[in-house]
Number of protein chains: 2
Amino acid sequence: MALEHAILVSLAEKASTGYDLARRFDKSIGQFWTATHQQIYKVLARMEGSGWVVATHVAQDGRPDKKLYDLTEDGRAELRTWIAQPAEPEAARSDLAVKVRGAAFGDPKAVAAEVRRHRAIHQERLDFYLANEKREFPDPSALRGHRLHQWLVLRGGINLERGMIDWYDEVIAALTRKGKR
Amino acid sequence: MALEHAILVSLAEKASTGYDLARRFDKSIGQFWTATHQQIYKVLARMEGSGWVVATHVAQDGRPDKKLYDLTEDGRAELRTWIAQPAEPEAARSDLAVKVRGAAFGDPKAVAAEVRRHRAIHQERLDFYLANEKREFPDPSALRGHRLHQWLVLRGGINLERGMIDWYDEVIAALTRKGKR
DNA sequence: CGTATCTATGCAACTAGTTGCAGTGCAATC
DNA sequence: GATTGCACTGCAACTAGTTGCATAGATACG
């Protein structure tokens, strides 16, 4: 499983609380791995048990106390080992694609409308990623190390969103063509 | 959950056994939804309990008996209802992208090699899809109804694979550029 | 002749992930 | 002054999906 390892990567970049991780997963890392805060807390506890991370209790005033997690040497070693291992080629999952395939057994016009809605959502995501790129990586050619890698993953997200939007356009065109359904 | 509905779509196209479905999920439908045979048998049993499908026992000689599943009116209604409902925008999950992001905490050269391996796998998939398209949909402009929808989903798979390959190329180039790592 | 693969179904035990709920205290909005 | 939202953590119960195993006759390969 990779949530543990996604968390290791995230913590290797910056020691964080579960709450921070959950927000980070909603943004950058979340492009290619999502998790709810419940799942993150659960996994963090297990990781602490495995000795991959240590928690430091931090008292704050005006806010609840927090537990700041950081990698241990074992955690770093585990991350290195995991990165060196081959990954399974991932299988995409898309409800919407299943609905497109089944459109003839429902209402194709409604499916087209739903695709249009998704197009708008992904257009927004794309704009968000593009704005991030401009702000955080104004000069990509100068990047090295983990900043370069972060940028590459962002590029992956941008690429994916663009691809989806293109496909949505194709689907909308085909489903709303005159004379055909 | 959508496995049930992916199965409904598949059965709406053609009454099938669990075994057939499992193979179908390895190919066309599997582009956007995968399932193992165990999961399929389990879900089919539940769907039969819900009255969405009925099984007919078919004796064969030389081969084990099989259970041919077909949709009931309830199943068809359920499918229509589900298709009409909005779908959640899907979250991508990619081990490999997480590894790219964490490359600096492991061996970036090894990550590049792994990306190259995935590139080859996806190139193969792309070729497979393109061959399918040529064979099964030689004249896309003439398509209507569920054949059109099947083709659209295949186009989605083709599009996705192309996008991934492009991104892999970008990553490989960046990770193997001289003077940078 | 023996081994592997295909057709065909399924159980049991497990891991991963989701949903719903709960609590606290501060700051900002209405 | 009351409600909403944010920061922060977590439990409990559930659903979905994975892995390993079992069975069994037929055919194909070496």
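What you see below is based on every heavy atom in this structure, not just the backbone, and it leaves out hydrogens, waters and symmetry mates. Note on naming: letters A, B, ... go to the chains in the order of the sequence lines (proteins, then strands), and numbering restarts at 1 for each one.
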(request) Among C/dT18, D/dT9, C/dT7, find the nucleotide with the atom closest to the side chain of A/Thr36. (result) C/dT18
(request) Could you check which of C/dG10, D/dT9, C/dG17 has an atom nearest any side-chain atom of A/Trp33? (result) C/dG17
(request) Kindly say whether, by distance alone, the side chain of B/Lys42 makes a donor-acceptor pair under 3.5 Å with the base of C/dT9? (result) no
(request) State, to 0.1 Å, how close B/Leu175 and B/Lys109 come at their nearest heavy-atom pair, and which atoms those are. (result) O-NZ, 4.3 Å
(request) For B/Leu44 and D/dA16, give me the distance from atom CG to atom P, rounded to whole Å. (result) 14 Å
(message) Return whichever of A/His37 or A/Arg23 has its heavy-atom-nearest nucleotide of DNA chain D closer to the 5' end.
(response) A/Arg23
(request) Give a yes/no answer on whether the side chain of A/Tyr19 brings an N or O atom under 4.0 Å of OP1 or OP2 in D/dA7. (result) yes
(message) Whether B/Arg93 contacts C/dG17 is assessed here as follows: a side-chain N or O lying under 4.0 Å from the phosphate OP1 or OP2. Is that the case?
(response) yes
(request) Measure from CG on A/Asp95 to P on D/dA16 and round the result to the nearest Å. (result) 12 Å
(request) Measure from the side chain of B/Leu3, starting at C-beta and using heavy atoms only, and say which of C/dC11, D/dG17, C/dT9 lies closest. (result) D/dG17
(request) Would you please say whether a donor-acceptor pair under 3.5 Å links the side chains of A/Asn159 and A/Arg162? (result) no
(request) Ignoring backbone atoms, test whether B/Arg46 places a side-chain nitrogen or oxygen under 4.0 Å from the OP1 or OP2 oxygen of D/dA16. (result) yes
(request) Kindly give the heavy-atom pair with the smallest separation between B/Arg101 and A/His149, and that separation in Å. (result) O-CB, 3.8 Å
(message) I want to verify a distance call: between D/dA7, D/dG17, D/dC21, whose nearest atom is closest to the B/Gln38 side chain?
(response) D/dC21
(request) Find the distance A/Lys67:NZ to D/dG10:C1' and express it as a whole number of Å. (result) 9 Å
(message) Can you tell me which nucleotide in C/dA16, D/dT9, C/dT24 comes closest to the side chain of A/Pro64?
(response) C/dT24
(message) Can you measure A/Leu68 atom CG to D/dT9 atom P for me and round it to whole angstrom units?
(response) 9 Å
(message) So, does A/Tyr41 get its side chain near the phosphate of D/dT9, meaning an N or O under 4.0 Å from OP1 or OP2?
(response) yes
(request) Taking the side chain as every heavy atom from C-beta outward, state whether B/Lys99 and A/Gln85 have any pair of such atoms under 4.5 Å apart. (result) yes
(request) Indicate the ring-plane relationship of B/Trp82 and B/His5, choosing parallel, tilted or perpendicular according to the 30° and 60° boundaries. (result) parallel
(request) For A/Lys66 and C/dG25, give me the distance from atom NZ to atom P, rounded to whole Å. (result) 18 Å
(message) From NE2 of A/His5 over to C1' of C/dA16, roughly how many Å is that when rounded to an integer?
(response) 14 Å
